[in-house]
Amino acid sequence: MALPLTALEKTNDQKPGPSTHLGARVKKYIANQWMALASFIGVILIWEIYVRLAKVPAYVLPAPSVILQAMIEESPELLKHSWYTLYEVILGFLIGGAIGIPLAILIVYSKFAEKTIYAFLVASQAIPKVALAPLLIAWFSYGMTPKIVITTLMCFFPIVVNTVVGLNSTPSEMLYLARSLGASGFETFWKFRFPHGLPSIFAGLKVATSLAVVGAVVGEYVAGVNGLGYVQMIRAAFVRTTSVFAILMYLSILGIVLFNLISYIEKRVIRWDPKQQFERAQE
Amino acid sequence: MINSKNDEMNRAATGHSEKRGQTVSVEGVSKVYQTAGGPLKAIERTSFKIEPGEFVSVLGPSGCGKTTFLMVISGLIPCTEGYVMIGDRKVEKPYTDLGFVFQRDILMEWRTVLSNVMLPVEIKKLKPVEKYQERAHELLEMAGLSGFENSLPCELSGGMRQRVSICRALVSDPPILLMDEPFGALDALTREQMNDDLLKIWSKSHSMVLFITHNISEAVYLSDKIIVMSKRPGRILETLDLSDLPRPRNMTTKEFPAFNRHINKIRHIFVNQGILSGGEEETGYVDKLS
C-alpha cells in the first residue's frame, strides 16, 4: 500500500546523466567554460599583438607563437626531463599521502598526538620549506632522494590538516547513531567518520598536487642534474627566455594534469553532493 | 548484548506478536551538565514508566531536557542521579536494541537509500540478510519511497529523507523507538503527512515509541500518553492519558471534543507555568478554563 508522494516533494531531477558521446562532452565543456576559454584566448592574443607591434625582444618577452614553437622543437629533451620531474612529484605526493593520512587519523584519535605532533606540525609551518633544500642536499646528496623528500614535505601539511578537519567534522548525532547501533571503534571510523571526511580529504589532496610540483622544481633548482627545474635554471643562465617560458608551460601542464587526475578520482569516489553535506553538518 | 541480538533474530524468524518488548522505567533520574558557566541542571529527579507497545510523547518547551531523556534512556549519556531500567536490565552502556530517529535525518550521503536503511542490519550483523532486505523494501514502500531504493539522499526532499531515517530505525524491528523531534525541521504540511505515515507504520510494528516534541496538537494526535514537562530543570508537570481518543487516528480524530479538550488542558498547564502568556488579559482566557 504505497502512499502517494505529496505534491510538495519533488525530486531533484537536475542530476546530469553521464554523456558517453565524446563530441557531446566537448560541446558541454565549451558551453560551461566558454567565458574562461574566451578570456584565456583573449590574453594570449593581446600578448601576441603587443610583442609584435612593440617589437619586444624575445629574450625579454617572447610571443606566445614563438613559445609554442619552442615547446614543440625542444620537446624530445623537455619530455625526457618531464619524466624525472613527474616521477619526483608523484612519488613525493604518494609518500606525503601515505604518511599524512594515517598521521591525521592518529591525531584525531589520540589527544596526546594532537597536543604533541599536531602542535609541532602547525609550528613547523613557520619554516619556509624551500629553505630546507640545502640541508636536504647535505643529508641525502644529489640524486632524486632530496627532491622527493622536499616534495613530500610540501604535500604533507595540507593533507594532514584537511584530513584532520574532515574526520572531525562528523556531526555528533551521527556518532550517537553509531553508538546506539553498537558500532565498534573501527566501524565508526570506516563507515561513518572516514566517508564523511572524504570531501575535505580530497580538498587537501588537490592543494597538495600543486605544492608537489613546487617542491620538485625547487629541489631541482638547488641540486638538479635532471628534471625541468634543472633545465630551466641552465636556460635562464644563458638568457634563453623562450626556452624558459616553454619549460614553464610544461610545468603548468604537468600541474593541471595532476590536479585534474585527482578531481577525476574525486568525482568517481564522491557521488553525493558535499555542499549539501556541509550545510547539514553546520545547521 | 548477546541476548538482545538473539531476540532480534527470533523476531525476524517468527514474526512478532502484539505489544512485545519490555517496560522502560525511569527512576529518579537527574542530569547535571558541567558547562563553562558552571553546572547546568537539565533534568530534576524524574520518574515514569512506559509499557510495551505504548506511544508516549514528551512535551515541553525548548531546552527543558527532553533530548537529554532520550540520551539517558538509550544509555548514550550517563545520568547524574537515579537509573533507567529496560525490562530487568539496568541501562549502563548504549542500549542497542532500539531505533533512534533524530531531528536531522543523519543519512549517510554516500550510501543509497536502501543501503542507508540496511545500515543497522549491517552493523548489528543480523541474519538472514535477505529477510531484512525484504523488510527494508516493505518499509520503504509503506513510506511511499518505492522506486527510490537506489537514489542517493541528496536527490530526496527533506520529508523523504526523514522517512528514510524512520525506515532505518525500524528495519531491525526494535521493540523501542526513540524519536527526538523528528518532524521539527519540516514544514507544516509535510509534518501533518508525516504524522499519518508514522501512525501507519507504527500500527504495523507495535513497538513502544517515545516521541519528543514541542508541538501540542502533534503530541495529542499521535500519543497514548503525554508527559508534560516544565522549563529547565525539567520536571514532569502532568501525565495525560489519551485513551479516550480511539485508534486508528485520522482526520475525524481532530474533530473530537476530547481532542481539543486535551490541547486546551495542556495549553492551560503551560499558561500556569508562565511558558505561554495566554494572550491578552481582557479575553479572560485563563479564567474561563480554570
Side-chain angles (χ1 to χ4, degrees), chain A residues 1-17 166 169-202 266-283, chain B residues 1 4-5 70-71 74-77 93-100 102-111 119-120 122-125 140-148 151-161 163 165 168-169 172 178 180 185-187 189-190 192-193 196-197 200:
Chain A
M1 42 172 302
L3 296 168
L5 283 175
T6 52
L8 293 166
E9 294 176 347
K10 280 198 189 117
T11 49
N12 186 358
D13 280 332
Q14 292 164 349
K15 214 183 164 214
S169 71
T170 328
S172 54
E173 286 108 320
M174 195 175 274
L175 297 176
Y176 280 136
L177 177 72
R179 281 178 60 207
S180 84
L181 290 174
S184 66
F186 178 75
E187 280 171 322
T188 306
F189 171 75
W190 192 240
K191 295 191 166 153
F192 297 84
R193 296 184 81 158
F194 184 70
H196 193 271
L198 272 176
S200 178
I201 294 172
F202 270 104
E266 183 188 21
K267 281 211 182 78
R268 281 286 140 127
V269 173
I270 301 174
R271 295 180 305 137
W272 65 97
D273 180 3
K275 218 194 291 164
Q276 205 173 8
Q277 172 184 327
F278 286 130
E279 276 160 17
R280 281 173 191 279
Q282 278 158 10
E283 258 173 36
Chain B
M1 196 41 210
S4 77
K5 190 176 273 180
L70 289 196
M71 293 292 174
S74 58
L76 287 173
I77 59 173
K93 57 177 172 49
Y95 188 85
T96 55
D97 196 9
L98 49 75
F100 217 128
F102 298 89
Q103 178 168 5
R104 293 198 280 141
D105 49 66
I106 314 294
L107 297 182
M108 319 280 124
E109 302 287 340
W110 50 93
R111 284 171 170 256
L119 183 79
E122 197 180 308
I123 289 181
K124 294 177 184 175
K125 295 171 190 68
L140 285 171
E141 196 190 325
M142 244 195 289
L145 288 166
S146 7
F148 290 94
S151 305
L152 286 173
C154 62
E155 297 167 89
L156 306 184
S157 70
M160 291 162 88
R161 291 176 63 108
R163 278 172 224 226
S165 94
R168 175 177 64 191
S172 63
L178 303 180
D180 185 7
L186 304 177
D187 64 87
L189 277 175
T190 310
E192 265 192 41
Q193 182 59 47
D196 287 327
D197 293 352
K200 219 161 240 171

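A note on names: the letters A, B, ... follow the listed sequences, proteins ahead of strands, and every chain is numbered from 1.
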Rounded to the nearest 0.5 Å, what's the gap from CZ on R104(B) to OG on S172(A)? Could you check?
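Output value for this atom pair is 7.0 Å.
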Hey, could you give me the CD1/OG1 distance between I123(B) and T188(A), rounded to the nearest 0.5 Å?
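These two atoms lie 7.0 Å from each other.
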Can you give me the closest heavy-atom contact between [X] and [Y], atom names plus distance?
X	Y	result
P120(B)	L181(A)	CB-CD2, 3.6 Å
W272(A)	C154(B)	CA-SG, 4.1 Å
P94(B)	R179(A)	CB-O, 3.6 Å

Are [X] and [Y] close enough that some pair of their side-chain heavy atoms sits under 4.5 Å apart?
X	Y	result
E173(A)	D180(B)	no
M108(B)	F192(A)	yes
I77(B)	Y176(A)	yes

Side chain, backbone, both or neither: which part of L178(B) has a non-hydrogen atom closer than 4.5 Å to chain A?
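Looking at L178(B), nothing touches chain A.
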With a 4.5 angstrom heavy-atom cut-off, is it the side chain or the backbone of E187(A) that approaches chain B, or both, or neither?
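Contact with chain B is through the side chain of E187(A) alone.
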Quick one: side chain to side chain donor-acceptor pair (under 3.5 Å) partners of E266(A), sequence neighbours excluded?
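Here the qualifying residues are K206(A).
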